[in-house]
Structure formats: C-alpha cells, structure tokens
Amino acid sequence: MRILVVGAAGRTGKHVLTQGVRRGHEITAFARSPEKLKEHQGLSAVHQGDARDLDAVRTAVQGQDAVIAAVGGSEIALTLITAMRESGPRRLVMTSSRSVPATRPRLPVALAWLFLRTAYVDLARAEGMLQASDLDWSVVRGTMLNDKPAAGRVHVDFAANATGGAMQLSRADYAMALLDTAEDAGLIGKALGVCGPK
Ligand SMILES: NC(=O)c1ccc[n+]([C@@H]2O[C@H](COP(=O)([O-])OP(=O)(O)OC[C@H]3O[C@@H](n4cnc5c(N)ncnc54)[C@H](OP(=O)(O)O)[C@@H]3O)[C@@H](O)[C@H]2O)c1
C-alpha cells in the first residue's frame, strides 16, 4: 500500500515508518521537522509541513492508498478529512487515547483526566469528526505509551473500558497496531482499544 504517515517524526511515527517499509509498503512521511528523519531509509518521499495546513496536506495525500495519523487532535482531523474527501484516499487511521471513553480503572482514569483533560476533550472531538465523516476511518486508542522494546503482541478490544492487557504499551507495538489496522478492511468504522500484552 502507499501510506502517508502524519506525525512521522514523532516517537510512534518513526516506528510506523520503519515497520511500514519493512512490511513492503510505499511509505511517505509528513513532518514539521523532516530533519529528524535523516536516519530513515527506504521512504518513498518526505513532505515538510504542518498537518493543520490544508494546502500542504492536500498535496501530501495525493496518490496515497491510506493515511496513518500518528498524532491525534481535532485540527489535524479536520484538515485530513477535508483533504481526503476532496481527492485523497478514503482510508484514515488515527491515534487516540484509551482514556477518552474509559471510566475504569477508576483512580488512574480520574487522574489522567485531571491532568490531561484538554487533550482528551480534543481527542474526543477528533474521534467524533472521523465518525461523522464518510471516510473509511479507524480510531486506534492507545493506553499509556513507553519506549520499551516491542513485544510483537498487543491486547485489542472494542469496549469502553479495557477488557485485559497491560496498562503500558510500547510505541513500537502501538505502531504495529496502527499498521495492522490500516491493512485490515474489517476494522473500517471501528474504534479499537490497544493495551500492552499480558
Ligand atoms: N503519549 C501517550 O502516552 C499516549 C497515550 C495514548 C495515545 N497517544 C496518542 O499517540 C499519539 C502519538 O504519541 P507519541 O508519544 O508517539 O507522540 P510524540 O512523540 O509527541 O510525536 C508527535 C509528533 O506529531 C508531530 N505533530 C504535532 N502536531 C503536528 C502538526 N500540527 N503537524 C504535523 N506534525 C505534528 C510532532 O512534530 P514535531 O516533531 O515537529 O514536534 C511529533 O513529531 C498522540 O498524538 C496521541 O494521539 C499517546
């Protein structure tokens, strides 16, 4: 697949680039700071830009089969949805947080909302925008991310509260889940919760 990765220079985004190339996809990076991607081999192209800039995103989505947004947020969702509805690909996979729908475990979720309320409200807004779009969207809600080595497995569910798995998830495994989702047409129109493996 030809996949555009937005937020490509981020900690998750870089794993999506590496793993996407390794899987044989034609990967194009979109980043505000492409100089952070110097060590990445095998990319089809690199676009410099801000994902809230409609003209930059319009250019980048041309000719792609799918977009993976390795950064969440309503302003980025709006730009991607607008550009993709005009002439881009239909398949959009976007990161979000497990905490957005969760009510349990009660204390960690309450603390996370206390400190990250603004970000979660914006991610909820972004999720709603994808769900109201007519694109082939998926939302991939990650739990607490870390930079530990990949386990090569994740726990996936479709419930508001996690049904198992570990609270911590490595960004390498999160990237794997984002690519798995982009490749799986059965996950179109779904919001997945992704936890680390038990
Ligand atoms: N952190 C967590 O524990 C956590 C938990 C659950 C879900 N998530 C989700 O996972 C995503 C990735 O997390 P992460 O920790 O890997 O992120 P990260 O390392 O902070 O990377 C985010 C990347 O997005 C880029 N970016 C931000 N705004 C942009 C814009 N307007 N246009 C273009 N690029 C932009 C940043 O660019 P620069 O390099 O230029 O700064 C950065 O490279 C989050 O956005 C969130 O949706 C995170």
Side-chain angles (χ1 to χ4, degrees), residues 4-20 27-40 43 46-61 67-83 92-102 108-109 111-113 115-130 137-148 150 154-157 160-162 165-179 181-182 191-196:
L4 177 71
V5 181
V6 175
R11 289 164 291 178
T12 300
K14 285 181 174 178
H15 285 292
V16 177
L17 299 182
T18 307
Q19 294 180 28
I27 300 290
T28 297
F30 184 99
R32 292 192 294 203
S33 316
E35 66 277 7
K36 293 182 183 171
L37 299 175
K38 279 191 187 119
E39 76 279 16
H40 280 269
L43 299 176
V46 178
H47 287 264
Q48 193 280 329
D50 191 302
R52 296 164 298 182
D53 175 350
L54 185 55
D55 286 338
V57 171
R58 263 194 196 114
T59 304
V61 299
V67 176
I68 294 178
V71 54
S74 63
E75 289 182 286
I76 293 171
L78 176 62
T79 322
L80 286 172
I81 291 166
T82 305
L92 174 58
V93 175
M94 188 172 229
T95 56
S96 184
S97 170
R98 244 276 42 143
S99 296
V100 167
V109 169
L111 286 174
W113 269 90
F115 292 108
L116 296 168
R117 181 183 171 76
T118 306
Y120 291 158
V121 167
D122 190 58
L123 287 174
R125 192 177 298 130
E127 288 194 10
M129 291 162 68
L130 259 64
W137 60 270
S138 301
V139 170
V140 184
R141 297 173 176 145
T143 189
M144 194 184 297
L145 302 180
N146 65 39
D147 291 314
K148 290 186 179 163
V154 292
H155 172 85
V156 174
D157 64 41
N161 295 317
M167 201 182 292
Q168 297 250 342
L169 170 69
S170 80
R171 287 182 171 87
D173 289 330
Y174 193 28
M176 176 188 75
L178 290 166
L179 282 159
T181 302
L192 298 67
V194 180
C195 300

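Read the numbers this way: they start at 1 and go in the same order the structure lists the ligands and their atoms. No experiment lies behind these values; they were computed from the predicted model shown.
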- Query: What about Ala51: any of its N or O atoms under 3.5 Å from an N or O on ligand 1?
  - Reply: yes
- Task: Within a distance under 4.0 Å of any heavy atom of Ser33, pick out the atoms of ligand 1 and give their elements.
- Result: 40 (O)
- Item | Proximal atoms of ligand 1 relative to Val71 (non-hydrogen, under 4.0 Å) | 24 (O), 27 (C), 45 (O)
- Message: One residue to check: Ser96. Relative to ligand 1, which of side chain, backbone, both or neither has a non-hydrogen atom less than 4.0 Å away?
- Response: backbone
- Mind checking whether Phe30 has an N or O less than 3.5 Å away from an N or O of ligand 1? no
- Using heavy atoms and a threshold below 4.0 Å, how should the contact between Arg98 and ligand 1 be classified: side chain, backbone, both, or neither? neither
- Query: Got a donor-acceptor contact below 3.5 angstrom from the Ser33 side chain to the Lys36 backbone?
  - Reply: no
- So the atoms of ligand 1 within less than 4.0 Å of a heavy atom of Asp50 turn out to be 30 (C), 31 (N), 32 (N)
- Looking only at distance, does Thr143 have an N or O less than 3.5 Å from an N or O of ligand 1? no
- Query: If we only count N/O pairs under 3.5 Å, is Gly72 in contact with ligand 1?
  - Reply: yes
- Query: Which heavy atom of the protein is the closest neighbour of atom 25 (C) of ligand 1, given with residue, atom name and distance?
  - Reply: Gly7 CA, 4.0 Å
- Query: Measuring from Arg141:CZ to Ser96:OG, what's the distance to the nearest 0.5 Å?
  - Reply: 6.0 Å
- May I ask you to list the atoms of ligand 1 that are less than 4.0 angstrom from any heavy atom of Gly142? 6 (C), 7 (C)
- Query: Backbone, side chain, both or neither: what part of Ala70 comes under 4.0 angstrom of ligand 1, heavy atoms only?
  - Reply: backbone
- Going by distance only, is there an N or O of Arg32 that falls short of 3.5 Å from an N or O of ligand 1? yes
- Message: Treating Arg98 as the side-chain partner and Val140 as the backbone partner, does any N or O pair qualify as donor plus acceptor under 3.5 Å?
- Response: no
- Task: Decide whether an N or O pair under 3.5 Å exists between Gly10 and ligand 1.
- Result: yes
- Task: May I ask you to list the atoms of ligand 1 that are less than 4.0 angstrom from any heavy atom of Arg171?
- Result: 1 (N), 14 (P), 15 (O), 16 (O)
- Any N/O of Ser97 closer than 3.5 Å to an N/O of ligand 1? no
- Which residue and heavy atom of the protein sit nearest atom 48 (C) of ligand 1, plus the separation: Leu145 CD1, 3.4 Å
- Decide if atom CE of Met129 counts as having more than 12 heavy atoms of other residues, nucleotides or ligands within a radius under 6.0 Å. yes
- Where ligand 1 meets Thr12 - atom numbers and elements under 4.0 angstrom, heavy-atom basis: 12 (C), 13 (O), 14 (P), 16 (O)
